[in-house]
Amino acid sequence: MNRNRTHKDASTSTRRAIIDLLKQQGGTDVVALSSKFSLSGMAIRQHLNALKEEGLVTYEEEARPMGRPTKLWRLTPAADRFFPSGYSELSVSLINSMKEAFGNEGLDKLLAVRNKNMQEQYLRHLGGATGVSEKLEKLAEIRTIEGYMAEVKDQGDGSFLFIEKHCPICEAAAACTGLCKNELHLFNTLLGEHVLVERVEYILAGGGKCVYRVRENNL
């Protein structure tokens with residue numbers, strides 16, 4: 001009995017690790033997962049099929065120059081429960097209550113206060129950071145602490161991608177689009193007037209993550 005329990009615990013741990021990796025990397029094939037976890041392809045497929053039965057993962061086929069198409073495994077929205085939710089149900093309830101009590105204009109004023117407080121908090125975290133790259137790395141640190149799983153990718157052409165792989169306030173943002181609008185404005189303010197920030201992928205529009213292209217405006 002203890003042996004069966006140990007095996008079950010190990011399987012649960014591995015499947016959670018697969019969920020975490022897919023959250024970080026997005027579409028991933030069995031070969032890459034096998035290499036990451038030092039498991040056979042058959043073992044990885046068993047874990048993926050078990051997760052698929054739970055509705056936590058799905059796959060899409062990607063054509064390859066040679067051979068059969070490869071399955072790229074991704075998380076489904078049902079897997080969001082494994083990541084910070086930002087008290088989504090309470091947040092949505094409060095947003096709806098504020099709309100009812102104060103109207104859209106009153107809600108906008110409250111969001112402006114929230115944005116101001118976040119700006120002050122983030123500026124303290126950025127400290128003496130000066131360049132765009134350094135500011136983005138500092139911003140990624142604090143956003144990751146808040147549950148956004150943020151990272152920065154240097155594009156090699158003077159621009160950067162600021163990537164947030166999870167949105168802990170997704171349900172609240174769906175109920176109040178001003179949250180996302182204010183965050184885009186917040187990023188622009190923190191990085192400075194000479195920096196352009198453009199959202200190029202958006203979770204609420206069906207994207208797997210929120211991605212911002214950041215570059216200096218040389219005009």
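Note that the coordinates shown come from a computational prediction; the quantities given were computed from them, not determined experimentally. Nothing fancy with the numbering, it's 1 onward along the sequence.
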Of all the heavy-atom pairs spanning [X] and [Y], show the shortest one and how long it is.
X      : Y      : value
Ala175 : Lys99  : O-NZ, 2.9 Å
Arg16  : Phe82  : NH2-O, 3.0 Å
Glu201 : Gly208 : OE2-N, 3.1 Å
Leu204 : Cys170 : CD2-SG, 3.6 Å

Steps toward side-chain contact (heavy atoms from CB on, under 4.5 Å) verdict (Gln155, Lys153):
CA-CA 6 Å; Gln155 297 301 97; Lys153 288 189 176 180; 3.9 Å; yes
Pair Leu191-Leu136, side-chain contact (heavy atoms from CB on, under 4.5 Å): steps then yes or no:
CA-CA 8 Å; Leu191 296 173; Leu136 286 174; 3.9 Å; yes
Quick one: pull up [atom1] in [X] and [atom2] in [Y] and give me the separation to the nearest 0.5 Å.
X      : Y      : atom1 : atom2 : result
Leu186 : Lys181 : CG    : NZ    : 14.5 Å
His166 : Ile169 : NE2   : CD1   : 10.0 Å
His125 : Leu123 : NE2   : CG    : 11.5 Å

Tell me whether [X] shares a hydrophobic cluster with [Y], the cluster being built from Ile, Leu, Val, Met, Phe, Trp, Tyr side chains joined at under 4.5 Å.
X      : Y      : result
Val57  : Leu72  : no
Ile203 : Phe162 : no
Trp73  : Leu39  : yes
Leu107 : Met118 : no
Val152 : Ile142 : yes

Partner of Glu164 under salt bridge (Lys or Arg N to Asp or Glu O under 4.0 Å), picked from Arg143, Lys209, Lys23, Arg199, is Arg143
Assess whether side-chain contact (heavy atoms from CB on, under 4.5 Å) is satisfied between Leu22 and Arg74, documenting all intermediate values.
CA-CA 6 Å; Leu22 292 179; Arg74 301 180 184 277; over 6 Å; no
With no hydrogens and no angle check, just 3.5 Å: does a side-chain donor-acceptor pair link Glu183 and Tyr148?
yes
Does the pair Lys138/Glu134 count as a salt bridge with the N-to-O cut at 4.0 Å?
no
Minimum side-chain heavy-atom gap Leu33-Leu48 below 4.5 Å
yes
Check this for me: Arg213, atom CZ, are more than 12 non-hydrogen atoms of other residues, nucleotides or ligands nearer than 6.0 Å?
no
